[in-house]
Amino acid sequence: MKTGYLGPRATFTDLAVREMFPEYESVAYTTIPDCIDAVVNDEIDIAVVPLENALEGSVNITLDYLIHEVDLPIRGELSAPIRQHLMVHPNQLDNWKEIKTIISHTHAIAQCHKFLHQELKGVRAEGYTSTAGAAQYVAEHSDEPIGAIANELAAKEYGLVIAKYDIHDFDFNHTRFIFLSKQALNLPIKPNYVGYKTTLMVTLPADHSGALHQVLSAFAWRKLNLIKIESRPTKTGLGNYFFIVDLDTALDDVLIPGAIAEIEALDCHVKILGSYPYYQLKK
Ligand SMILES: O=C(O)C(=O)C[C@]1(C(=O)O)C=C[C@@H](O)C=C1
């Protein structure tokens, strides 16, 4: 089996792969869509991609690509703690407060806004393909007054030094990574296994008053517990949205199919994006 991740080596996604699939060969991709396409094209078996961060919210590129571009089920999820550090080339360590530019993945920059605003006012923050990609760039430009936001493994991997540890704005910083695959995965029952989730996409009919209320009540009276609901644009016009709903239970034969049938009877469209085990790494 082969896994794919947002590279290069030592991104947070790479850490998720090492945690969940240590025995498989892994391939680094430059973008999240490239990694997902690689599963569609049978270059790899499993794509591991970030879906949601506790501070910054959904990784929209993952969600949108999954909804609009491909048809791949979610087979599993890992939620992992995220520690962001500011790192520079060893040549720049004495003057790290003088750096002019900080580069990182936009989601990582967003997790450190408070730090950047308070400690490095006026320093330009630029988006890069990934945290580890930014670390690699800083390593290859030793004379430039630049720094990267990335994890400890990236500092080691690319020979950088950490100027400031733990610069993420809130202590509880976790990201959910999902595993996409054409095949059912035999995921292990590990100590960090938490339970099963089912993710649905619900599209409401236009101009139907109370439709969302009725959709929610189809789950409520069956005592199906919603752990997340989020709207995303359908991209067909302003004000057109669908909903992504996470239920904290596995797809069964009665309750969830019953709720789906009831929701479809309201002229809504429902797609099951996956029913999968999830794992959680604590600090
Ligand atoms: O750039 C990385 O290291 C990634 O794995 C991507 C990513 C993301 O897109 O959210 C993953 C986890 C962190 O939240 C920050 C960045």
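Side-chain atoms are counted along with the backbone in the values below, which use heavy atoms only and exclude waters and symmetry mates. These figures come from a predicted structure and were not determined experimentally. Counting starts at 1 for both ligands and their atoms, in listed order. Positions are given from 1, in the same order as the sequence printed here.
- Note on Asp71 versus Lys271: salt bridge recorded, some NZ/NE/NH1/NH2 to OD/OE distance being below 4.0 Å.
- Among the atoms of Thr131, some N or O lies under 3.5 angstrom from an N or O of ligand 1.
- For Thr129, no nitrogen or oxygen atom sits less than 3.5 Å from a nitrogen or oxygen atom of ligand 1, counting backbone and side chain alike.
- On a distance-only criterion, Phe12 and ligand 1 share at least one N/O pair closer than 3.5 Å.
- An N or O contact shorter than 3.5 Å links Thr13 to ligand 1 by distance.
- Taking atom 9 (O) of ligand 1 as the reference point, the nearest protein heavy-atom neighbour is His105 CE1, 3.2 Å.
- Thr234 is not listed as a side-chain neighbour of Ile67, based on a closest heavy-atom distance of 4.5 Å or more.
- Salt bridge annotation for Arg83-Asp166: present, with a cationic side-chain nitrogen under 4.0 angstrom from a carboxylate oxygen.
- Heavy-atom contacts of Ser130 reach the following atoms of ligand 1: 1 (O) (cutoff under 4.0 Å).
- A salt bridge links Arg124 to Glu126: one of the charged nitrogens lies within less than 4.0 Å of a carboxylate oxygen.
- The shortest separation from a heavy atom of Glu56 to ligand 1 is not under 4.0 Å, leaving the residue out of contact.
- In plain terms, the two heavy atoms of Leu266 and Val215 that are nearest each other are CD1-N, 4.2 Å.
- Within ligand 1, the atoms closer than 4.0 Å to a non-hydrogen atom of Asn53 are 14 (O), numbered from 1 in the order shown.
- Test Asp37, Thr31, Asn60 against Tyr65 for side-chain hydrogen bond (donor to acceptor under 3.5 Å, both in side chains) and you get one pass: Asp37.
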Given side chain to side chain donor-acceptor pair (under 3.5 Å), test Tyr29 with Glu43 step by step and report yes or no. CA-CA 11 Å; Tyr29 291 90; Glu43 286 165 37; 3.1 Å; yes
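- Of all the atoms in ligand 1, the ones that sit under 4.0 Å from a non-hydrogen atom of Leu6 are 4 (C), 6 (C).
- For ligand 1, the atoms closer than 4.0 angstrom to any heavy atom of Thr11 are 2 (C), 3 (O), 5 (O).
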